[in-house]
Amino acid sequence: MSTARRDALLAWYDANRRPLPWRQTRDPYAVLVSEVMAQQTQIVRVVPHYERFLALFPTPESLARAPLAEVLAAWSGLGYNRRARFLHDAAAHVVQHGWPTTSEELQALPGVGAYTAAAVASIAFGEAVPAVDTNAKRVLSRWEATPLEGTRLAEAAAAALDGDRPADWNQAMMDLGARVCMPKPDCDSCPVTDWCADASVYSAPARQARFSGSTRQARGAVVRALVHGNSASHAALAKQTGLATTRLREALEALESDGLVERSGRRWQLPAAAGRISGGTTPGSS
DNA sequence: GTCCGGCTCC
DNA sequence: GGAGCGGGAC
């Protein structure tokens, strides 16, 4: 890809970028919080949670030493509660070992995969590595006129990347996908139509399982009830959530094995523990 | 009903 | 590779 072409997208980004709060910092902690929150979550919903979360837990140290129960309370409404635990444990890891500073090493943090590692590495540490989210994937596929996956996607992303401004490039790709190169593209306002091979390329994501009646729904209801109620008996949870006994038990078992709830005698509660170094110990062990 | 700046675990 | 994991906006 030519420099002129990269400059066209970066110029568009400079003039049109979404004013997101985490774009005002290069603090790796703030960037990590924003990226974990953004996983499978619409950005408009992330912003208020991000502001509140950073006010409550401004540093890795403050997050790591907080009870998981408080972290889950701050997370409430975002969904995928496991992410809160991952972030909590990631903070503990950073406190103990310091920041991994490369994309490769960042992937050792819990809840941090290829995308999140690349986003943090490029934004906070300036590494020239492509962060390919669902938006960038769609944009690149249209540039190449074919749905890209796996190795070919990674290669196309690496070839397109602007090595001088990797953080801006990655976010420009995401913004272009979110605002212009949408599933139904608005090509009239696209700054880079001249090297788009086929704007009609689009692979719809796989269909999701039914949510109503699912374990996911039950898990979410239980966590929400415990966030509000501190601790509760099985019977009280059944009443609060409206879940049948069997579904409630399934949800509690699944949540317990994920380290998101714990028993205290005959009552259930959100974990009181501080963040733990991941790997080696199981959630319940000490 | 669809979809979202994915990740973990099998 | 595929299932499981939340919740809100549209």
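Reminder, nothing fancy here: chain letters follow the sequence lines and each chain counts from 1. No hydrogens, no waters, no symmetry mates; every other heavy atom, side chains included, goes into these values.
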Sorted by chain and number, sequence neighbours left out, side-chain contact (heavy atoms from CB on, under 4.5 Å) with A:R247 holds for A:Q217, A:A218, A:L243

Note: contacts of residues 19-36 of chain A with DNA chain B (heavy atom, under 4.0 Å) are A:L20, A:W22, A:R23, A:E35

Residues in residues 158-170 of chain A with a heavy atom under 4.0 Å of DNA chain B, by number, are none

Residues at least two apart in sequence or cross-chain that pass ring-ring contact (aromatic ring centres under 6.0 Å, His included) with A:W143, listed by chain then number, are A:W195

Contacts satisfying side-chain hydrogen bond (donor to acceptor under 3.5 Å, both in side chains) that involve residues 106-132 of chain A (not counting sequence neighbours) are A:E35-A:Y115, A:Q39-A:T116, A:S122-A:N170

Under a 4.0 Å heavy-atom cutoff, the residues of residues 210-217 of chain A touching DNA chain B are none

By side chain to side chain donor-acceptor pair (under 3.5 Å), A:T25 pairs with (sequence neighbours left out) none

By salt bridge (charged side-chain N to carboxylate O under 4.0 Å, His left out), A:R219 pairs with (sequence neighbours left out) A:D258

Nt span of DNA chain B in reach of chain A heavy atoms at under 4.0 Å, 5' end first, is B:dT2 to B:dT8

Chain A vs DNA chain C, heavy-atom contacts under 4.0 Å, first-to-last nucleotide span, 5' to 3', is C:dG4 to C:dG8

For A:R23, the salt bridge (charged side-chain N to carboxylate O under 4.0 Å, His left out) test, sequence neighbours excluded, returns A:D175

Residue set satisfying salt bridge (charged side-chain N to carboxylate O under 4.0 Å, His left out) with A:R45, at least two apart, ordered chain then number -> none

Just checking A:D175: base, sugar-phosphate only, or nothing, at a heavy-atom cut-off of under 4.0 Å? nothing

